[in-house]
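All ligand and atom numbering here is 1-based and tracks the order in the structure.
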Amino acid sequence: MTIDFPGHSAHPWFGVRNNCLVVGGRPLTDLAAQIGRTPFYVYDRSVMTRKFDLLRTALPTEIHVHYAMKANPHPEVVRHLGHLVDGLDVASAGELRVALEAGGNPQDISFAGPAKTVAELEYAVSSGITINLESERELRLLGDLADHSGLMPRVAVRVNPDFELKSSGMKMGGGPKQFGIDAERVPEVLRRIGALPMEFRGFHIFWGSQNLNSGAIIEAQRKTVALGLELARHAPAPVTLFNMGGGFGIPYFPGEQILDLEPIAVNLRMLLPEIRSGMPDAEIVLELGRYLVGESGVYVCRVLDRKLSRGQVFLVTDGGLHHHLAASGNFGQVIRKNYPVIVGTRVNDADAGPASVVGPLCTPLDLLADRMPLAHAQEGDLIAVFQSGAYGFSASPQAFLSHPPPVELVVSG
Ligand SMILES: *Cc1c(COP(=O)(O)O)cnc(C)c1O
């Protein structure tokens with residue numbers, strides 16, 4: 001199924017009332033009135049639940065799902081997803097604090113990140129979470145920490161795999177990388193772990209992100225299992241955690257297909273006996289961020305001015321790149337494409353021709369939609385940017401130009 005986001009139709013997850021987009025049962029105009037200002041992000045818990053249910057229904061029960069918090073670390077989002085998933089993956093001490101405050105069980109929290117400080121390692125060890133070792137330096141520091149504190153660090157080895165993803169998406173493993181320990185060095189690291197007072201848990205193999213091609217994901221998962229089994233032969237203790245990475249994408253741009261889970265599930269079912277042959281006791285984990293939370297979020301800003309410049313329509317809004325870097329096309333896009341954007345207060349109006357949605361910053365990069373077919377918007381109308389639940393608020397340079405930050409609101413549909 002292709003999800004096209006025609007300029008004037010509502011998003012598949014949300015409704016329409018009196019021509020206004022409805023999120024979590026509330027029209028955007030109501031939400032804006034309650035908040036008292038724009039711009040804002042609104043996240044609908046029910047969409048997260050539905051995304052999780054889709055996964056849970058498709059995947060074998062033995063495959064656990066963890067939420068990678070960096071996609072959206074809002075405490076209420078973490079609390080909601082934390083109740084659904086089997087664990088949380090954090091990437092900093094700040095995220096770890098939120099995870100613990102949200103009620104996350106330390107046994108089910110793991111911490112990845114290539115530049116963990118001594119203070120972060122101490123916090124992680126004293127919390128009892130699993131640390132995904134990214135380097136031999138971390139191994140040395142954790143060894144020292146164990147000596148001084150008498151605590152037993154729980155460690156998994158983050159492996160920089162010896163394969164690379166073939167298709168599109170963001171590659172985060174294979175070749176030279178700052179993440180993890182190169183696969184060929186891992187057996188030696190495992191030997192050293194065995195000689196230290198540490199609880200060895202297993203492996204974390206993360207190869208990429210934002211992939212919509214189930215064939216590519218299947219291939220990466222096969223290679224991940226083969227690599228995991230090979231490394232498990234060198235493990236100093238039985239593997240209790242096998243994190244196979246994630247990478248499940250969501251459609252952002254016209255013509256993109258939603259990810260087909262069925263072939264991935266079939267492949268995982270086939271791989272399970274193989275995994276069990278070498279890692280009979282391992283918790284098998286997929287770690288997902290945007291797949292769980294990306295579609296739940298809408299970024300909403302207000303049209304302040306409608307400007308015509310040499311035949312081109314500009315909708316000048318109070319929101320922009322400083323709040324939503326990804327939608328502006330400046331967060332890892334090679335060729336800029338429009339996120340799905342509509343006039344949220346004129347959902348069913350006909351296209352009035354192309355318009356560009358821009359923000360208040362003094363840079364031409366501040367562009368939320370470039371010559372996109374949109375309804376005829378006027379001052380006061382609300383613009384809605386879909387697919388904004390992940391890598392939005394927390395992944396944007398909010399200090400740039402000193403405008404106020406957007407509000408975040410979590411609602412339940
Ligand atoms: C960022 C990240 C994720 C989440 O990626 P998504 O594309 O949001 O699913 C998962 N694992 C690790 C190690 C990451 O760095």
Numbered atoms and elements of ligand 1 in range of H204, under 4.0 angstrom, heavy atoms: 13 (C)
Close-contact set for ligand 1 against S209 heavy atoms, below 4.0 Å: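 Contacts of ligand 1 toward S209, numbered from 1: 5 (O), 6 (P), 7 (O).
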Test side-chain hydrogen bond (donor to acceptor under 3.5 Å, both in side chains) applied to Q398 and H403, step by step: CA-CA 8 Å; Q398 292 177 20; H403 288 284; over 6 Å; no
Close approach, Y291 and ligand 1, non-hydrogen under 4.0 angstrom: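 No, Y291 has no heavy atom closer than 4.0 Å to ligand 1.
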Trace of the side-chain contact (heavy atoms from CB on, under 4.5 Å) decision for R290 with S209: CA-CA 9 Å; R290 80 182 81 219; S209 172; 3.1 Å; yes
Geometric cation-pi criterion, K51 with Y291: 6.0 Å, 45°: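 Checked: cation-pi criterion met.
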Nitrogen or oxygen atoms of Y391 and ligand 1 under 3.5 Å apart: yes
Among F40, Y391, Y41, Y43, the one residue meeting ring-ring contact (aromatic ring centres under 6.0 Å, His included) with Y299: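 Of the listed options, the one satisfying the test is Y41.
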Side chain, backbone, both or neither: the part of A68 lying under 4.0 Å from ligand 1 by heavy atom: side chain
Region of F179 that comes within reach of ligand 1 [heavy atoms, distance under 4.0 Å]: neither
Among all protein heavy atoms, pick the one closest to [atom] and tell me residue, atom and distance.
atom: atom 1 (C) of ligand 1; answer: K70 NZ, 1.3 Å
atom: atom 11 (N) of ligand 1; answer: E287 OE2, 2.8 Å
atom: atom 10 (C) of ligand 1; answer: F206 CE1, 3.3 Å
atom: atom 9 (O) of ligand 1; answer: G289 N, 2.9 Å

Member of R158, R192, K116 meeting the salt bridge (charged side-chain N to carboxylate O under 4.0 Å, His left out) criterion with E138: K116
R185, CZ: over 12 other non-hydrogen atoms inside 6.0 angstrom: no
S356 side-chain N/O to R371 backbone N/O, donor-acceptor pair under 3.5 Å: yes
